[in-house]
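In what follows, a single structure is set out as structure tokens and then discussed.
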Amino acid sequence: MTSSTKKVEQNLRKNIRKYRKMLGFTQLQLSIKAEVSKDFIYDLEAGRRNPSLDVLCKLADALKVEPYELLK
């Protein structure tokens, strides 16, 4: 894994958590809105999983941001 890949993954985790908390969502609420499991959100924020492009878009929609905002 390259350092730029690690940076994007770190940004993704940080931004999902940041936008989730800004909206006042729990991990469960985000999982329901994005139609993924709560365990997936937990693992995603912990850095154990990465979303597919489809799931990234669902997360962005649920968090009311553009997908690229989660990666930068």
Side-chain angles (χ1 to χ4, degrees):
M1 182 180 309
T2 67
S3 63
S4 60
T5 301
K6 285 183 183 180
K7 179 72 173 164
V8 170
E9 288 178 352
Q10 289 171 347
N11 289 346
L12 177 63
R13 287 194 305 271
K14 179 185 73 169
N15 287 328
I16 288 173
R17 185 177 297 119
K18 176 180 85 172
Y19 289 116
R20 176 176 64 77
K21 290 187 177 214
M22 284 174 54
L23 291 171
F25 291 168
T26 64
Q27 289 179 338
L28 177 60
Q29 289 169 316
L30 177 57
S31 71
I32 291 167
K33 291 186 179 297
E35 300 175 340
V36 297
S37 73
K38 179 184 177 288
D39 290 339
F40 182 82
I41 299 296
Y42 178 81
D43 287 344
L44 185 62
E45 288 187 3
R48 289 188 287 271
R49 297 193 60 183
N50 289 312
S52 66
L53 185 56
D54 182 52
V55 172
L56 179 69
C57 291
K58 286 181 177 184
L59 288 166
D61 285 345
L63 294 168
K64 300 179 174 131
V65 297
E66 293 296 321
Y68 75 88
E69 293 290 334
L70 297 177
L71 302 172
K72 69 177 195 172

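Basis for what follows: all heavy atoms, side chains included, without hydrogens, waters or symmetry-related copies.
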Heavy-atom side-chain proximity of I16 to L30 below 4.5 angstrom: yes

Suppose we screen for side-chain contact (heavy atoms from CB on, under 4.5 Å). Which residues come up paired with [X], at least two apart in sequence or across chains?
X: K21; answer: R17
X: K6; answer: M1
X: D61; answer: none
X: E35; answer: K58

Does Y68 sit in a hydrophobic cluster with other residues, and if so which ones, taking ILVMFWY side chains as linked at heavy-atom separations under 4.5 Å, directly or through other members? none

Taking all atoms of both residues into account, what is the closest heavy-atom pair of L63 and Y19, and its distance? CD2-C, 3.9 Å

After noting the C-alpha distance and the side-chain angles of L12 and L70, does the key distance pass the side-chain contact (heavy atoms from CB on, under 4.5 Å) rule? CA-CA 5 Å; L12 177 63; L70 297 177; 3.9 Å; yes

Is I32 linked to M22 within one hydrophobic cluster, defined over Ile, Leu, Val, Met, Phe, Trp and Tyr using a side-chain heavy-atom separation of less than 4.5 Å? no

Pairs under 3.5 angstrom only: tabulate donor-acceptor contacts from the side chains of residues 40-56 to other protein residues two or more places apart or in another chain.
| unit_1 | atom_1 | unit_2 | atom_2 | d |
| --- | --- | --- | --- | --- |
| D43 | OD1 | R48 | NE | 3.2 |
| D43 | OD1 | R48 | NH2 | 3.3 |
| E45 | OE1 | R20 | NH2 | 3.0 |
| E45 | OE1 | Q27 | NE2 | 2.9 |
| E45 | OE2 | R20 | NE | 2.7 |
| E45 | OE2 | R20 | NH2 | 3.4 |
| N50 | ND2 | E9 | OE2 | 3.0 |
| S52 | OG | V55 | N | 3.2 |

Could you work out, with salt bridge (charged side-chain N to carboxylate O under 4.0 Å, His left out) as the rule, every residue matching E66, not counting sequence neighbours? none

Results of side-chain hydrogen bond (donor to acceptor under 3.5 Å, both in side chains) for T5 - residues two or more places apart only: T2

About how many Å separate NZ of K14 and NZ of K18, when rounded to the nearest 0.5 Å? 6.5 Å

